[in-house]
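Read through the structure below, which is laid out as structure tokens, and then see the notes.
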Amino acid sequence: MSTTTPMSKTLLILTTVLCFALTPMIANAGTRLSEGDQRAIRAAALDYAEGWYNGDRARMERSLHDALAKRAYLPDAAGQRQLSQMDKATLLSANKPENAARYAKAPKRAEVLILSGFGNAASVRLDMDDWVDYMHVLRTEKGAWRIVNVLWELKPKEKNTASLD
């Protein structure tokens with residue numbers, strides 16, 4: 001004999017329906033960005049990466065905010081870690097047309113992961129061939145997503161363990 005009452009069945013059905021209805025909201029709670037915003041953020045990150053690989057300053061520039069700050073905490077010649085900093089103009093001047101030949105045979109990895117987002121701000125991880133960029137991206141007054149901060153780190157070089165014998 002079942003002890004389920006009509007009221008408990010109704011409560012169970014309502015709870016189940018509510019869970020299914022809230023699942024998309026819970027799944028997107030970390031991003032809270034529309035699909036269009038996510039596409040635009042990915043496009044900005046790819047313009048940055050592919051613009052670098054191809055030596056295409058114009059493509060890279062369209063992804064950058066005028067107040068860009070790009071930093072890395074890297075070892076200097078003596079092995080002491082130092083904070084290096086670039087602004088938008090410095091980064092763009094380092095992006096040379098010769099990059100296209102330099103990276104011609106490279107994998108040109110550019111994997112974009114939107115870590116989090118809310119309103120007009122997002123955090124993004126961009127994995128490239130030899131480094132990882134952590135970016136802060138913002139939506140401008142005109143609705144475009146632009147990279148405003150980049151903190152990057154070189155990937156460790158893999159040691160060649162192949163024998164020469």
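- With sequence neighbours excluded, the residues satisfying side-chain hydrogen bond (donor to acceptor under 3.5 Å, both in side chains) with R62 are D47.
- Each side chain to side chain donor-acceptor pair (under 3.5 Å) pair with one or both residues in residues 76-85, not counting sequence neighbours, appears once here: R71-Q85.
- Note: the hydrophobic cluster containing L154 does not contain Y73 (ILVMFWY, side chain heavy atoms under 4.5 Å, direct or indirect links).
- At a threshold of 4.5 Å between side-chain heavy atoms, the hydrophobic network of Ile, Leu, Val, Met, Phe, Trp and Tyr places I114 and L138 in two separate groups.
- There is no path of hydrophobic side-chain contacts, each under 4.5 Å, that joins L126 to V148.
- A distance of 6.5 Å separates CZ of R57 from OG of S93, quoted to the nearest 0.5 Å.
- The closest donor-acceptor contact from the side chain of N99 to the backbone of W52 lies under 3.5 Å.
- By the side-chain hydrogen bond (donor to acceptor under 3.5 Å, both in side chains) test, R139 is found to be paired with D37, N120, residues two or more places apart in sequence or in another chain being considered.
- Between K88 and D66 there is a salt bridge, with a side-chain nitrogen of the basic residue lying less than 4.0 Å from a carboxylate oxygen of the acidic one.
- When only modelled atom types and interatomic distance are considered, Y48 and D133 share a side-chain donor-acceptor pair under 3.5 Å.
- Ring planes of Y53 and W131: tilted class, angle from 30 to 60°.
- A salt bridge is absent between R59 and E61: the closest approach of a Lys/Arg side-chain nitrogen to an acidic carboxylate oxygen does not fall below 4.0 angstrom.
- Atom OG of S123 is separated from atom CG of L113 by 10.5 Å, given to the nearest 0.5 angstrom.
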